[in-house]
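Note sheet for the following structure.
Just so you know, these numbers use all the heavy atoms, side chains as well, and skip hydrogens, waters and symmetry mates. Treat the numbers as computed from the prediction; the structure is a model and nothing was measured.
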Amino acid sequence: MSLFKKFFKGIIHNRDPKEETVNVKEKPKPKYYGTVTPYPNFNASSDASILQSAIQSKKVDEDVIGAILAKRNNEQRQKIKAVYESSFGKNLVKSLKPVLRSHLEDVVLALLMPPAQFDAYLLRRATKGLGTDEDVLVEVLATRSYAEIQEIKKVFKQEYQKELEEVIKEETGGDFTTALLAMLNTKRDQNTAVDMELAKKDAKILFEAGEGIGKANVSTFINILTTRSGPQLSKTFQHYAAISDVTLPKALQMELKGDIEDCLIDIVKCAWNTPAFFAEKLNRAMKGHGTSDQTLIRILVSRSEVDLQKVVEEYRAMFERTLHEDILNDTKGHYQKVLLALCGPS
């Protein structure tokens, strides 16, 4: 069975939205599926002093630096940065850069960025220099909420003195640009309730826009896939399978080519099961010769306070081994320890 088939059949399951909430004071509240939680008895002054000692010691104590930052949540790390600067008159990031190396430096600096700043950095890196990293553009824009994307756009302009929309127009083209701009500017429906009639109607429209005509109507795919909620799209995909001989992702493979094909398939995967989408990416990052450390750092840092518990579960279900095992096999040293700490208990 190909990885593509495995993703959409059998292994990956739809979750009941009721399972995603807990009652707090008799009101439903989303369950927390992050692996990094606020550190108990947190003391920013103490952590800042420990980090300063670790940086200044004769042999930089990388173990202490990694252990502290991987076990504090992002809000606590921002407080440590502020206290460090007020206590020692130095910027923590600038103090760490010269004393850390390679992938440990990359993951530590990523942990010290607020989420919107990290996402803006990822998008700038994906669009700067020779070539564009289309996968990263789609990953970020397809998996952040509308509110998060608005914050990313604001930070991007502050950090790089350019509008994110203009950068995307300059660095991409055709239907792919249209899809990215739709994800960037469209407020996706956040309603978890499913409109069954709309799902049937959308399935029929998608079928006619793809398999029903000689050439796929890409704008129709973009419009539906970027505006409907995840639960709504999941039901649409089920109806699509009932009226077609193939699944929607398979139809997209058959009808489209290039960046737009990959983009729309990734949007479908995210709507179907976002944690599984990330589990598949992590597996690819460690499969075969070499490791894509940028991918490991990007996903583990960005999902550690969102849904990394679920990603870890899906990884085991999809690949019949644990994410922890593969990280142990593919990485080493203090860098490995930080990645494993972000993954939570094995």
Side-chain angles (χ1 to χ4, degrees), residues 7-8 10-42 69-78 110-111 114-116 118-119 139-152 187-195 199 228-238 266-283 296 298-319 322-324 327 339-346:
F7 194 102
F8 289 100
I11 296 291
I12 301 311
H13 46 275
N14 277 325
R15 296 174 185 273
D16 182 346
K18 291 177 184 175
E19 294 176 2
E20 304 297 306
T21 60
V22 290
N23 285 330
V24 177
K25 294 181 180 177
E26 298 182 0
K27 290 184 179 179
K29 184 181 176 184
K31 286 183 184 178
Y32 183 71
Y33 288 103
T35 50
V36 175
T37 54
Y39 190 74
N41 304 316
F42 172 66
L69 296 178
K71 290 175 183 174
R72 282 23 171 204
N73 71 359
N74 196 274
E75 185 181 344
Q76 291 174 333
R77 290 182 214 121
Q78 302 316 311
L111 287 169
F118 185 50
D119 284 340
E139 177 189 310
V140 173
L141 297 180
T143 58
R144 279 26 168 200
S145 69
Y146 180 76
E148 287 169 337
I149 289 174
Q150 299 319 298
E151 184 63 21
I152 292 165
K187 191 167 185 178
R188 185 187 286 276
D189 182 14
Q190 296 299 308
N191 191 359
T192 55
V194 174
D195 183 332
R228 308 296 191 254
S229 70
Q232 183 69 37
L233 284 175
S234 290
K235 188 55 68 175
T236 299
F237 303 155
Q238 289 176 16
D266 277 355
I267 293 173
V268 171
K269 287 180 177 181
C270 289
W272 191 251
N273 189 323
T274 302
F277 167 76
F278 283 112
E280 182 187 41
K281 283 204 158 209
L282 288 167
N283 180 258
L296 292 183
R298 184 179 73 247
I299 295 175
L300 296 183
V301 170
S302 66
R303 308 313 289 185
S304 61
E305 292 181 50
V306 182
D307 57 2
L308 194 50
Q309 280 186 44
K310 289 184 182 178
V311 175
V312 170
E313 289 171 16
E314 296 292 354
Y315 196 98
R316 185 195 290 267
M318 292 171 77
F319 306 108
T322 69
L323 177 58
H324 298 74
I327 288 173
L339 296 185
L340 290 173
L342 291 176
C343 289
S346 56

For the backbone of [Y] and the side chain of [X], can you confirm whether one donor and one acceptor N or O come within less than 3.5 Å of each other?
X	Y	value
Thr35	Leu342	yes
Glu305	Val36	no
Gln190	Ser229	no
His324	Gly344	yes

Contact check, side chains of [X] and [Y], non-hydrogen atoms, under 4.5 Å:
X	Y	answer
Glu314	Phe278	no
Phe118	Val301	yes
Leu111	Arg72	no
Glu148	Glu151	no
Glu75	Pro38	no
Asp266	Glu139	no

Nearest 0.5 angstrom please: [X] [atom1] to [Y] [atom2], how far?
X	Y	atom1	atom2	value
Gln78	Asn73	CD	CG	9.5 Å
Tyr146	Arg188	OH	CZ	13.0 Å
Ser304	Leu339	OG	CG	11.0 Å
Asp119	Ile149	CG	CD1	9.0 Å
Leu296	Arg298	CG	CZ	9.0 Å
Leu323	Arg316	CG	CZ	10.5 Å

Task: Polar contact flag, side-chain donor to acceptor under 3.5 angstrom, Gln232-Asp189 - done: no

TODO: Mark yes when over 12 heavy atoms from residues, nucleotides or ligands other than Tyr39 sit less than 6.0 Å from its OH; otherwise mark no.
DONE: no

Open item on the list: side chain to side chain contact (heavy atoms under 4.5 Å, CB included) for Thr322 and Ser346? Distances and angles first, verdict last.
Closed with: CA-CA 8 Å; Thr322 69; Ser346 56; 5.7 Å; no

Task: Worked check of side chain to side chain contact (heavy atoms under 4.5 Å, CB included) between Val268 and Phe237 - done: CA-CA 9 Å; Val268 171; Phe237 303 155; 3.7 Å; yes

Residue pair [X] / [Y]: nearest heavy atoms and the distance that separates them:
X	Y	result
Ala279	Phe319	O-CE1, 3.7 Å
Ser234	Ala271	OG-O, 3.4 Å
Gly34	Gln309	O-NE2, 2.8 Å
Leu69	Arg77	O-NE, 2.7 Å
Asn74	Pro114	OD1-CA, 3.5 Å

- [ ] Given side chain to side chain contact (heavy atoms under 4.5 Å, CB included), test Val311 with Leu282 step by step and report yes or no.
- [x] CA-CA 9 Å; Val311 175; Leu282 288 167; 3.7 Å; yes

- [ ] Might you work through the salt bridge (Lys or Arg N to Asp or Glu O under 4.0 Å) test for Glu280 and Lys269, ending with a clear yes or no?
- [x] CA-CA 10 Å; Glu280 182 187 41; Lys269 287 180 177 181; 2.9 Å; yes

- [ ] Give the C-alpha distance, both sets of side-chain angles, the deciding distance and a yes or no for side chain to side chain contact (heavy atoms under 4.5 Å, CB included) between Ile327 and Cys343.
- [x] CA-CA 10 Å; Ile327 288 173; Cys343 289; 3.6 Å; yes

